[in-house]
Student: 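I'd like to ask some things about the structure below.
Since the structure is predicted, the reported quantities are computational estimates derived from the model, not experimental observations. The chains referred to below are lettered A, B, ... by the order of the sequence lines, with proteins before strands, and numbering in each begins at 1. In what follows, every heavy atom counts, from backbone to side chain, and hydrogens, waters and symmetry copies are set aside.
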There are 2 protein chains.
Amino acid sequence: MEKQSVTIYTVAREARVSMATVSRVVNGNPNVKPETRKKVLDVIKQLNYRPNAVARGLASKKTTTVGVVIPDVTNAYFAELALGIDDIASMYKYNMILTNSDADDRKALQVVRGLMAKQVDGIIFMGHDIPEELRQEFSSSNVPVVVAGSVTNDDELPTVRIDYQEATKQAIKYLIERVDGPVALVVGSKDSTINKRYRIEGYKQALQEAGKDFDEKLIFETHDSYAEGYKQSQAIADSGAKAAFVSDDGVAAGLLNGLTDHGVKVPDEFQIIASNNTKTTEITRPKLTTITQPLYDLGAVSMRLLTKLMNSKDEDKEDGESKDVILEHGFEKRQSTR
Amino acid sequence: MEKQSVTIYTVAREARVSMATVSRVVNGNPNVKPETRKKVLDVIKQLNYRPNAVARGLASKKTTTVGVVIPDVTNAYFAELALGIDDIASMYKYNMILTNSDADDRKALQVVRGLMAKQVDGIIFMGHDIPEELRQEFSSSNVPVVVAGSVTNDDELPTVRIDYQEATKQAIKYLIERVDGPVALVVGSKDSTINKRYRIEGYKQALQEAGKDFDEKLIFETHDSYAEGYKQSQAIADSGAKAAFVSDDGVAAGLLNGLTDHGVKVPDEFQIIASNNTKTTEITRPKLTTITQPLYDLGAVSMRLLTKLMNSKDEDKEDGESKDVILEHGFEKRQSTR
DNA sequence: ATGAAAGCGCTAACAG
DNA sequence: CTGTTAGCGCTTTCAT
C-alpha cells in the first residue's frame, strides 16, 4: 500500500510548483530558474521520487527500450554482439529486451510482435533471414530495425557486418594455396542469404581464380553447434576434402575434434579455418586459424546506428549514405592451417 | 501519421460496443456473450488491432516484463541460464530486459534502478554478491527477486542453485584420492559469499576428512575468464599443487592450456576438475572432468519461481517452504583427471 | 452481459 | 520561467 505512492504530483505539491515544472527539471529542460530547480531537486531527493517509465512511455510515445532478437544467447558469436549492443544501449540510457528466436521463423515473428506490442523504440535483428510475414511486420511499423552481424533477404534493412564474400574468398584462397586437394565450405543453410549470396559466391570466386572446378558436394550444411560439427566430421573427411572453411566457430571446433578423434591430423592431413574468432578458437588444440571480426563492435555499431535512426525524423530516414556499414575483418593464422 | 491509430476505442466504435467489452475479450474475460465476442474479434482482426502494452502496464500496474541482471552475457555459464530464463518467460508471456552488470557493484545498482523505473514485475539476479545499497533497493521495493545460479550475502532472497559446498567437497575428495600432492582451489573472490561460505568450506571439509592441512596459499583468486586462467597457470603450478578444482570453466580451460603450453602434462602431472559443464569443457583437449549442473534448468526454475512470487499476494509471499531451491548436481569424469 | 467513467503517472502544447 | 489542461491507451470498479 505504501508503494510507488510518490508521483510527480506529490513532488509538485510538496515543492509548491506545478507538475510541468517537476517534469521539466526531471527531464533537464533548461527553462527552469536555478532556484526552483534546486527546490524541486531537494524534494525529489527527500521523497526519493523515481519517475515511472511506463507512464512516461505512454505520454511521450517513447519507451527508451529496444528489442533485440537473437537466435541463441548461448552462441558465443551472438552473445558477443549482444554485449556490445547492451553497452551502447546503456550508454544512451536505453534498455534491451532480449528475445531468443531459436533461429525459428515462427518464433521470430512471434517475438517481434511481442516487442512491437511493448512499443520498443527500435529493433536489432540478429539472424540470417527474415520470413515474409516478418518483413511486412517491419515495413508496416515505422519502428527502425537494424540487422546486426548478418545479411538478410530484406534489402531495405540496414545492416552492420563484415564483407562475408571477401572474407570467405580470402580464406578459401589461403587454403587452396596450401592444400593439395579439395577445399570444403561448411555453412548453415545453403539457402540463407548470407550463404547463398555471399559466402558461396566468395567460395566460387576463389575457386575460379585458382582455376578449380566448383563441386556442390563440397558444401556442407550444419546447424550451428559443436555437436553438429563433430558429427559431420566423418562425412567431411570422407568427401575427400583436405581442408574446410567453417562459418561457425562451434562447428569448426566440433569438426576439429571430430577429425582428431577419428585419427585425422590437423593441420597435417586436414586444415581448418574458422570465421568468427570467438574464444573457442583459442581454446581448441590446435588453436583454430580464423577470420577475425570485431564482434563487440558489430553490436556496438548496430546500436549506435539504431539510436540515430530512432532520433531522426521519418522523412530523412530514407536518404543518407548507404544503409550498410561494413566493418573491417582480418585473418589470424594459428595452428589449424600450415 | 498513420501509425498506431487503431486503439481499443477504434475497435469499440467499429464493433458498436464499449471499450470495456473490447478489453474483456482481449483479456479473455468469460463474461462476454459469445456473439459479441465474435463480433469484436472480427473487428480486431479486420483492423489488425494490437493492444498497447505500455498503456496496459500503466493502467494495470503490471508490465509482464522481468528484469534480468547478468554479470556478462558472454560467459557461457550465465548465457545458459539466461536461455532457460527466456524460454520459461516467453512461455508465461513475459519478456526479459537483460542488463549486464559487468560484475560491478555500482553498475549493478544502476541497472536495477533502471529496471525498477521501468516497472518490471520481477527481477532475476545473477551475481555473487549484493552491495548494501542494492539490498535496500530490493527490500524497499516490493518487486520479487530471485537469485539464479549463485548465493549472495542477502539471506532474504530466494535462490535457485546447486549445493556448492557439497559439490566442491566431492571434487576435492576425488582429487585428494588420486593425487600425490597438494590440491588447489581456484575461485573468484575469496570474499564473495559463494566462495567464502560454500566452496572454501567444502574444500576445508574435504581436506579435514582426509587428514590434510589447510593452506591458504592453495586458494587462488581469478577473474572469470580464459585469459586469467591461462595467466595464472604458471603460478598455480609453481605453488606445488598437483591438482585443482576450478569454479569457472573458462578459467579451467585457461589453466589447462596454460599448463600444457608450459610443458606440464594434464592429467599425468596435474589434474583439473571444472565446475559448470559448459560446452567449453568438451572442447578442450584433454576434455575437462567436471561437476555437472543443470544450467538451463537453473534458469528455467528461477523464472518459474519468479512467476509464482509475482502472482502471489504480498501476504503469503513470506511463508511457504524454504526459499531456496537446490537442484541436483553431478560429476562427469573425462580426461583431465585420472 | 455490457457500459460509463475515473483514473494510472507523465508529457506536451499552449498561455501567460 | 511557470502553470493549466488535455490527453497517451488501457483497466477497473460500479452501475445497470
Student: Quick one about A:T65 and B:K118 (side-chain donor to acceptor, distance below 3.5 Å, no hydrogens or angles considered), yes or no?
Tutor: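 A pair is found: one side chain offers a donor N or O, the other an acceptor, under 3.5 Å apart.
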Student: So, using salt bridge (charged side-chain N to carboxylate O under 4.0 Å, His left out) as the criterion, who are the partners of B:K38 when residues are at least two apart?
Tutor: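 Residues passing salt bridge (charged side-chain N to carboxylate O under 4.0 Å, His left out) with B:K38: B:D42.
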Student: Please name all residues satisfying side chain to side chain contact (heavy atoms under 4.5 Å, CB included) with B:N27, sequence neighbours left out, ordered by chain then number.
Tutor: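 Applying side chain to side chain contact (heavy atoms under 4.5 Å, CB included) to B:N27 gives B:S23, B:R56.
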Student: Could I get the full list of side chain to side chain contact (heavy atoms under 4.5 Å, CB included) partners for A:V301, not counting sequence neighbours?
Tutor: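 If we apply the side chain to side chain contact (heavy atoms under 4.5 Å, CB included) test to A:V301, skipping adjacent residues, the hits are A:V160, A:V325, A:L327.
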Student: Let me know the distance between CD1 of A:I8 and P of C:dC8, rounded to the nearest Å.
Tutor: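 Going from A:I8 (CD1) to C:dC8 (P), I get 14 Å.
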Student: Donor-acceptor pairs under 3.5 Å, side chain of residues 68-81 of chain A to any protein atom, not counting sequence neighbours: which ones?
Tutor:
residue, atom, partner, partner atom, Å
A:D72, OD1, A:T74, N, 2.8
A:D72, OD1, A:T74, OG1, 2.8
A:D72, OD2, A:T74, OG1, 3.0
A:T74, OG1, B:K279, NZ, 3.4
A:N75, OD1, A:Y77, N, 2.8
A:N75, ND2, A:D248, OD1, 3.3
A:Y77, OH, A:G149, O, 2.8

Student: Roughly how many Å is it from NZ in A:K61 to P in D:dC8, rounded to a whole number?
Tutor: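 That distance rounds to 7 Å.
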Student: Which of residues 23-41 of chain B sit near DNA chain D, with a heavy atom under 4.0 Å from it?
Tutor: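 Heavy-atom contacts with DNA chain D come from B:S23, B:N27.
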Student: Nearest whole angstrom, please: distance from the P of D:dG9 to the CD1 of B:I44.
Tutor: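 Interatomic distance, CD1 of B:I44 to P of D:dG9: 16 Å.
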Student: Measuring only between side-chain heavy atoms, which start at C-beta, is B:V143 closer than 4.5 Å to B:F138?
Tutor: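 A side-chain contact is absent here, since even the closest heavy-atom pair is not under 4.5 Å.
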Student: Scan residues 9-21 of chain B against DNA chain D and write down, sorted by residue number, each residue with any heavy atom closer than 4.0 Å; if none is found, say none.
Tutor: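 Residues of residues 9-21 of chain B under 4.0 Å from DNA chain D: B:M19, B:A20.
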Student: Specify the separation, in whole Å, of atom CZ of A:R50 and atom P of C:dC10.
Tutor: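 Those two atoms, CZ and P, are 13 Å apart.
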Student: Can you name the salt bridge (charged side-chain N to carboxylate O under 4.0 Å, His left out) partners of A:R113, sequence neighbours left out?
Tutor: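 Per chain and number, A:R113 pairs via salt bridge (charged side-chain N to carboxylate O under 4.0 Å, His left out) with A:E137.
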Student: Quick one: side chain to side chain contact (heavy atoms under 4.5 Å, CB included) partners of B:S18, sequence neighbours excluded?
Tutor: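 B:S18 satisfies side chain to side chain contact (heavy atoms under 4.5 Å, CB included) with B:A20, B:T21 once adjacent residues are dropped.
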Student: If you assign each of A:R56 and B:A55 to its closest nucleotide in DNA chain C, which residue comes earlier from the 5' end?
Tutor: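 With A:R56 and B:A55 compared, the 5'-side residue is B:A55.
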Student: For A:M116 and D:dG9, what is the distance between atoms CE and C1' respectively, to the nearest whole Å?
Tutor: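 The distance from CE of A:M116 to C1' of D:dG9 comes to 18 Å, rounded to the nearest Å.
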Student: If the helix axis at each end comes from five base pairs, how far does the helix from C:dA1-D:dT16 to C:dG16-D:dC1 deviate from straight, to 10°?
Tutor: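 Answer for the end axes of this duplex: 30°.
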Student: Once you round it to whole Å, what is the distance between P of D:dC8 and CG of A:N52?
Tutor: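 Atom-to-atom, A:N52 to D:dC8, this comes out as 18 Å.
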Student: Listed by chain and number, what are the salt bridge (charged side-chain N to carboxylate O under 4.0 Å, His left out) partners of A:D154, not counting sequence neighbours?
Tutor: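 A:D154: salt bridge (charged side-chain N to carboxylate O under 4.0 Å, His left out) contacts with A:R135.
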Student: Sequence neighbours left out, what passes salt bridge (charged side-chain N to carboxylate O under 4.0 Å, His left out) with A:D121? Give chain and number order.
Tutor: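 Applying salt bridge (charged side-chain N to carboxylate O under 4.0 Å, His left out) to A:D121 gives none.
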Student: Quick one: list whatever passes side chain to side chain donor-acceptor pair (under 3.5 Å) with A:T99, sequence neighbours left out.
Tutor: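 In terms of side chain to side chain donor-acceptor pair (under 3.5 Å), with neighbours along the sequence ignored, A:T99 is linked to no residue.
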Student: If I take atom CG in residue A:L58 and atom P in nucleotide C:dA12, what distance separates them, rounded to the nearest angstrom?
Tutor: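 A:L58 atom CG is separated from C:dA12 atom P by 12 Å.
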